[in-house]
**Student:** 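One structure, pasted below without further comment.
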Protein chains: 2
Amino acid sequence: MAKAKMLRSCPVAAFQKMISGKYKLRIVWDLKDGPRRYGEIRSGLLRGTDGSSEITPRVLSRELKALTLSGLIDRKDYAVVPPKVEYRLTRKGKSFVPVIAAIRDWGERHLSEPAALAEAAE
Amino acid sequence: MAKAKMLRSCPVAAFQKMISGKYKLRIVWDLKDGPRRYGEIRSGLLRGTDGSSEITPRVLSRELKALTLSGLIDRKDYAVVPPKVEYRLTRKGKSFVPVIAAIRDWGERHLSEPAALAEAAE
DNA sequence: CGGTATCCTAGTAGATACTG
DNA sequence: CAGTATCTACTAGGATACCG
């Protein structure tokens, strides 16, 4: 496991890579309350950033695939017509929820200050 | 506070934007033990990701500026020759350290699994 | 020592159109 | 409904060289 050795020295870098992508964290967060369908996730992401830009299917699809590869979420295809696909957190994904909670918590306390807004809202 | 209202609905998105950039989290983490000089931060970042690529001054400079703008770190220029500049965490930055700790902690437990490596190490 | 200035490349996200 | 295909715009990051 040569690759593992390199990464083990910095789990933060691995985390960064895992959640890179504009919506990954929010998708996991949205899934914490239970399984959701593709379209539900999509509309759920409409609220949040600024409410203006909608996520395109291409991007959402990619993020979902990446999250699946990371082992955070699981895809369940019901193979019916019309199609129905559900995404839900894996055990690993569930274990990650508290981390996002910590992030949210901190963000709510510190990211409403002027300095943060200047940077974050641009 | 119109801008604030938009962001308040999703602190996670604001967080994502704040820490976007390959080294920001690690810089903050490196600074948790006290002030560090520009060059020290740079060499400190050499270890970690994979040990191969060194951060370029241009990138490090940008990340430091962004972190300063976010209010996480503080720049202290001693105005001497040869130049000496120290960076250190602000109060806000210090409050953020436990969040990174949570991330590290989770990463150490879950990012050494095969699935994670396939994604993170590529 | 602690940066800037240029240039370049690879990847990420958005728009749009189409399909099983 | 849940995606894929194509194409384009933007930008983060790296290489290199130079400056106060």
Side-chain angles (χ1 to χ4, degrees), chain A residues 10 13 16-27 30-31 35-46 48-70 73-88 119-120 122, chain B residues 13 16-27 30-31 35-46 48-70 73-88 119-122:
Chain A
C10 193
Q16 280 263 46
K17 209 168 178 188
M18 188 189 78
I19 57 108
S20 79
K22 217 170 168 182
Y23 308 95
K24 292 208 185 81
L25 278 183
R26 293 169 57 203
I27 291 169
D30 283 352
L31 256 47
R36 287 214 171 192
R37 299 180 61 174
Y38 179 90
E40 292 174 329
I41 296 174
R42 195 172 181 209
S43 13
L45 287 172
L46 197 64
T49 316
D50 55 8
S52 63
S53 57
E54 196 177 357
I55 184 172
T56 60
R58 166 169 152 50
V59 175
L60 178 54
S61 178
R62 260 205 347 201
E63 307 249 293
L64 288 171
K65 268 179 193 160
L67 285 170
T68 304
L69 264 170
S70 302
I73 69 172
D74 196 26
R75 194 190 114 114
K76 182 163 189 175
D77 191 334
Y78 285 88
V80 293
V81 195
K84 178 178 177 182
V85 178
E86 272 184 359
Y87 293 89
R88 56 173 188 177
E119 155 78 352
E122 185 178 355
Chain B
Q16 278 264 46
K17 212 168 176 189
M18 189 189 77
I19 58 109
S20 79
K22 216 171 169 181
Y23 308 95
K24 293 208 185 81
L25 278 183
R26 292 170 58 204
I27 291 168
D30 284 352
L31 257 48
R36 288 213 169 193
R37 300 178 62 172
Y38 179 91
E40 294 175 327
I41 297 174
R42 196 174 178 206
S43 12
L45 287 173
L46 198 63
T49 317
D50 55 8
S52 63
S53 56
E54 198 177 356
I55 185 173
T56 59
R58 168 173 145 60
V59 174
L60 178 54
S61 178
R62 261 204 346 200
E63 307 250 291
L64 289 171
K65 267 178 192 160
L67 285 170
T68 305
L69 263 171
S70 303
I73 69 174
D74 197 26
R75 193 189 113 114
K76 181 164 191 178
D77 191 333
Y78 285 87
V80 292
V81 195
K84 177 178 176 181
V85 178
E86 272 185 357
Y87 293 89
R88 58 176 187 177
E119 155 76 352
E122 187 179 351

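Residue numbers start from 1 in every chain, and the chains themselves are labelled A, B, ... in the order their sequence lines are given, proteins ahead of strands.
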**Student:** Round to a whole Å and report the spacing from NZ of A/Lys22 to C1' of D/dC10.
**Tutor:** 11 Å
**Student:** Could you pull out the protein-nucleic contacts involving nucleotides 2-5 of chain C (nitrogen or oxygen on both sides, under 3.5 Å)?
**Tutor:**
from: C/dG2; atom 1: OP1; to: B/Arg37; atom 2: NE; distance (Å): 2.8
from: C/dG2; atom 1: OP1; to: B/Arg37; atom 2: NH2; distance (Å): 3.0
from: C/dG2; atom 1: OP1; to: B/Val85; atom 2: N; distance (Å): 3.4
from: C/dG2; atom 1: OP2; to: B/Gly39; atom 2: N; distance (Å): 3.2
from: C/dG3; atom 1: OP1; to: B/Arg75; atom 2: NH1; distance (Å): 2.2
from: C/dG3; atom 1: OP2; to: B/Tyr87; atom 2: OH; distance (Å): 2.8
from: C/dT4; atom 1: OP1; to: B/Lys65; atom 2: NZ; distance (Å): 2.5
from: C/dT4; atom 1: OP2; to: B/Ser61; atom 2: OG; distance (Å): 2.7

**Student:** Taking CD from A/Glu54 and C1' from C/dG14, how many angstroms apart are they, rounded to a whole number?
**Tutor:** 12 Å
**Student:** Rounded to whole Å, please give me the gap between CG in A/Leu60 and P in C/dT12.
**Tutor:** 16 Å
**Student:** With heavy-atom distances below 4.5 Å as the criterion, would you say the side chains of B/Ile55 and B/Ile41 are in contact?
**Tutor:** no
**Student:** Please round to the nearest 0.5 Å and tell me the distance separating atom CD of B/Glu63 and atom CD1 of B/Ile19.
**Tutor:** 10.5 Å
**Student:** Just the rounded figure in Å: distance from P of D/dC1 to CZ of A/Arg42.
**Tutor:** 11 Å
**Student:** Within a strict 4.5 Å, meaning less than it, do heavy atoms of the B/Gln16 and A/Lys22 side chains meet?
**Tutor:** no
**Student:** Just how far, in rounded Å, is C1' of C/dG11 from NZ of A/Lys24?
**Tutor:** 12 Å
**Student:** Can you find a pair of side-chain heavy atoms, one from B/Leu64 and one from B/Tyr38, that are under 4.5 Å apart?
**Tutor:** yes
**Student:** What bend angle does the helix from C/dC1-D/dG20 to C/dG20-D/dC1 show across its length, from five-pair end axes and to the nearest 10 degrees?
**Tutor:** 60°
**Student:** Quickly work out the A/Ile73 CD1 to D/dA2 C1' distance and round it to whole Å.
**Tutor:** 14 Å
**Student:** Mark yes when over 12 heavy atoms from residues, nucleotides or ligands other than A/Arg42 sit less than 6.0 Å from its CZ; otherwise mark no.
**Tutor:** yes
**Student:** Taking NZ from A/Lys17 and C1' from D/dG13, how many angstroms apart are they, rounded to a whole number?
**Tutor:** 13 Å
**Student:** Can you check the A/Ile19 CD1 to C/dT12 P distance for me, whole Å?
**Tutor:** 13 Å
**Student:** Do A/Leu31 and A/Tyr87 have side chains that get closer than 4.5 Å, going by heavy atoms?
**Tutor:** yes
